[in-house]
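Written out below as structure tokens is the structure these notes cover.
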Amino acid sequence: MVYDIRPLANGLRTDHPVPGLPFVDDSHLPLDDGPDAIEAVGRNKSEGMWGRCDTSREAGWLAFTTDPIAHHLGWAVRYHPEHGRTVLLLRDEDTASLHTYWSGAPLLFRAGGYWWDGEAWYRPGQIWDPVTEDYARHTARATATVHAADMLDGRAHPGRAHVHKVATFDPATAEPENWIDDLTRWAQHHQKQDDPLPLEKCVVDLASPELAGDRLLGVPEMAALGGITASTLRGYISRGENDVPLPQATVAGRAQWSRPVAEDWAEARRRSSEGLQDAMTAGDRHRLAPGAAQIRDRFSETFSSFLWKRPDIRKRWALRHRNEPSVREVADHLAFEVADSLRRIIPTDALGPTIRHAVLEDFTTSLRIAERRGGQLKDFDLILSVPLAKMLSWFIQHFPTSAQWYIGEIMGEADKQLGIPAQVTGEALRRSATTNGKLDGQAAKEFFSRVVPKEPQS
């Protein structure tokens with residue numbers, strides 16, 4: 001997920017000022033009273049106001065609130081017990097999005113989404129990792145963290161700096177003329193606070209060779225990496241489409257990206273569902289997957305032969321035979337051909353064993369749960385997951401004879417491997433197929449009465 005919320009300004013009591021952003025007076029906020037107090041500023045106060053606070057998954061807490069004076073603006077606060085506090089002023093509609101993304105490892109964002117976790121800098125997250133169920137973390141190369149103490153050289157003029165008031169703050173006209181002046185004034189204010197974070201630990205920016213100006217890429221180079229034209233990329237940017245990452249810099253009004261960020265974006269496009277579809281449908285003008293294209297070609301030949309090579313059907317294309325009953329009859333023939341060809345479409349010889357393994361795995365899980373409870377296994381303890389129950393129901397309805405065979409195997413293996421009687425297994429499958437699947441109750445009764453063996457006579 002590329003961080004795409006642009007702060008409008010720093011809070012004056014932040015420990016980590018963002019370079020280039022103006023400072024806005026935040027003294028009307030209870031920043032020193034903790035997250036609950038920040039949330040209470042805006043939560044349920046009036047129409048259009050809101051606030052929230054949460055504990056971070058990593059360390060510390062985070063909170064946001066609508067500004068009580070200017071309701072179109074909002075404040076986002078992230079606190080870490082070791083690395084201090086970040087206070088950002090945003091458009092009010094953006095605070096909740098930042099709050100959601102800020103709940104994990106990221107503490108600071110710089111250079112168009114590069115983020116810091118307190119130890120290392122990472123590039124904007126763009127490539128989804130299905131194993132961790134999060135975006136892959138790619139460490140930026142050869143980075144150096146720039147602290148406030150590194151930038152304060154004693155030659156600035158803090159008297160020229162301007163601390164804005166939120167009531168009159170206009171982000172369009174608030175860009176500082178010389179931000180070092182503003183930073184120096186912030187430092188003076190910062191050091192007057194109780195137990196301030198040392199200026200040697202107040203992070204301002206990062207430096208990295210990949211962010212050097214002569215290494216940044218413009219729109220044409222970025223588009224080439226993504227396999228699209230520059231005009232297409234400009235269209236994506238203007239419409240906010242295709243997850244184009246924030247630029248690392250803007251030079252003379254032109255967006256510039258670091259090559260690693262551009263390459264990650266290209267890789268994310270390659271791995272996206274659209275990219276996968278393009279790869280799997282290469283050469284097919286209808287963008288069908290290979291298997292679907294084979295089915296189309298097979299039925300195209302079958303239908304063509306049926307409609308043209310059979311004299312009794314071909315004559316119906318004559319105008320005097322072209323009526324609704326004739327069309328319906330032809331349509332019925334074609335539909336029957338599709339239904340009768342399901343085994344050539346669905347590989348039942350692979351689907352059956354897959355269902356068998358999945359059912360036995362679910363039964364094994366049910367047994368473990370019953371053992372942990374210390375009780376005997378009951379009929380209703382055997383539970384199939386909802387997706388598996390739906391698949392079993394579909395299999396029975398579409399391929400009843402194959403289902404009969406594989407359910408027989410399931411009952412046999414459940415008896416031998418798990419000690420579950422066939423009748424108990426059969427009842428569990430019937431119940432799952434009708435409760436969580438779409439198998440009609442009467443149809444299920446008829447089917448399982450022909451599949452499940454009768455209990456032995458005493």
Side-chain angles (χ1 to χ4, degrees), residues 1-11 14-21 31 35 38-39 42-43 50-67 73-140 143 145 171 203-206 236-237 240-248 257-258 260-261 264-265 267-269 271-272:
M1 176 181 178
V2 178
Y3 169 68
D4 58 0
I5 307 300
R6 299 173 188 260
L8 301 175
N10 295 282
T14 187
D15 289 326
H16 307 290
V18 182
L21 290 187
L31 298 181
I38 298 171
E39 175 189 284
R43 193 176 185 93
W50 194 244
R52 175 167 176 166
C53 66
D54 288 285
T55 301
S56 170
R57 296 195 303 269
E58 300 292 331
W61 52 263
L62 59 159
F64 73 88
T65 182
T66 303
D67 186 87
L73 299 174
W75 297 89
V77 184
R78 175 74 166 89
Y79 173 78
H80 189 280
E82 178 182 353
H83 301 295
R85 176 175 59 195
T86 299
V87 183
L88 297 177
L89 180 68
L90 303 93
R91 293 177 178 83
D92 188 52
E93 62 265 24
D94 291 337
T95 53
S97 298
L98 175 57
H99 185 85
T100 299
Y101 186 51
W102 221 352
S103 62
L107 296 178
L108 306 174
F109 302 97
R110 298 292 187 269
Y114 279 72
W115 58 274
W116 184 67
D117 68 350
E119 295 182 2
W121 287 94
Y122 299 85
R123 301 187 194 110
Q126 300 184 81
I127 302 173
W128 181 254
D129 184 342
V131 177
T132 62
E133 295 187 335
D134 198 356
Y135 289 90
R137 296 185 181 184
H138 293 168
T139 307
T143 58
T145 301
V203 177
V204 176
D205 207 352
L206 82 154
Y236 288 165
I237 295 171
E241 297 176 348
N242 289 80
D243 295 322
V244 180
L246 286 177
Q248 276 57 71
W257 292 268
S258 72
V261 168
D264 283 353
W265 178 67
E267 179 64 10
R269 281 176 53 79
R271 290 171 175 265
S272 68

- prompt: Do Thr65 side-chain atoms and Trp75 backbone N/O form a donor-acceptor pair below 3.5 Å?
  reply: no
task: Could you walk me through whether Phe109 and Leu98 pass side-chain contact (heavy atoms from CB on, under 4.5 Å), step by step?
output: CA-CA 11 Å; Phe109 302 97; Leu98 175 57; 3.9 Å; yes
- request: May I ask you to check whether Tyr135 and Tyr122 place their ring centers less than 6.0 Å from one another?
  value: no
message: Ignoring hydrogens, what is the shortest heavy-atom contact between Ala268 and Gln126? Give both atom names and the distance.
response: CB-O, 3.5 Å
field: Polar side-chain atom of Asp67 near backbone of Leu73 as donor-acceptor pair, under 3.5 Å
entry: no
Sequence-distant partners of Glu93, side-chain contact (heavy atoms from CB on, under 4.5 Å), two or more places apart: Arg91
field: Where Gly118 and Leu107 come nearest, the two heavy atoms and their spacing
entry: N-CD1, 3.8 Å
message: Please find the pair of heavy atoms, one from Leu108 and one from Trp102, that lie closest to each other, and give the distance.
response: N-NE1, 4.5 Å
field: For Gly104 against Ser56, the heavy-atom pair lying closest together
entry: O-OG, 3.7 Å
- prompt: Rounded to the nearest 0.5 Å, how far does OG1 of Thr66 lie from CZ of Arg43?
  reply: 11.0 Å
- prompt: If you round to the nearest 0.5 Å, how far is OH of Tyr236 from CZ of Arg269?
  reply: 5.0 Å
query: So, for Pro171 and Leu8, which heavy atoms are closest and what is the spacing to 0.1 Å?
result: CB-CD2, 4.0 Å
- request: Please confirm whether the backbone N or O of Pro245 pairs with a side-chain atom of Trp257, one donor and one acceptor, at under 3.5 Å?
  value: yes
task: Measure the spacing between CZ of Arg78 and CG of Asp15 and express it to the nearest 0.5 Å.
output: 13.0 Å
query: Any sub-3.5 Å donor-acceptor pair from His16's side-chain atoms to Gly84's backbone N or O?
result: no
message: For the CD1 atom of Ile127 and the OG atom of Ser272, what is their distance to the nearest 0.5 Å?
response: 11.5 Å
message: Could you tell me if the side chain of Val18 sits less than 4.5 Å from the side chain of Leu88, heavy atoms only?
response: yes
query: Do Leu21 and Pro7 come close enough that some side-chain heavy atom pair is under 4.5 Å?
result: yes
message: Strictly distance-based, threshold 3.5 Å: is any side-chain N or O of Thr145 a donor or acceptor partner for the main-chain N or O of Leu206?
response: no
message: So, using side-chain contact (heavy atoms from CB on, under 4.5 Å) as the criterion, who are the partners of Ala59 when residues are at least two apart?
response: His80, Pro81
- prompt: Once you round to the nearest 0.5 Å, how far does CG of Leu31 lie from OG1 of Thr14?
  reply: 9.5 Å
- request: Examine the side chains of Thr143 and Tyr114 and answer whether a donor and an acceptor come within less than 3.5 Å of each other.
  value: no
- prompt: Are the side chains of Pro124 and Val261 in touch, meaning some heavy atoms are under 4.5 Å apart?
  reply: yes
field: Donor-acceptor contact present, side-chain Asn242 to main-chain Val244, <3.5 Å
entry: no
query: Of the non-hydrogen atoms in Trp115 and Pro106, which two are nearest, and what is the gap between them?
result: CE3-CA, 3.5 Å
task: Count the heavy atoms belonging to other residues, nucleotides or ligands that lie under 6.0 Å from CD of Glu119, then report whether that count exceeds 12.
output: no
task: Anything under 30° is parallel, anything over 60° is perpendicular, the rest tilted; go ahead and classify Tyr79 against Trp61.
output: parallel
- request: Using the test salt bridge (charged side-chain N to carboxylate O under 4.0 Å, His left out), find all partners of Asp54 that sit at least two apart in sequence or belong to another chain.
  value: Arg52
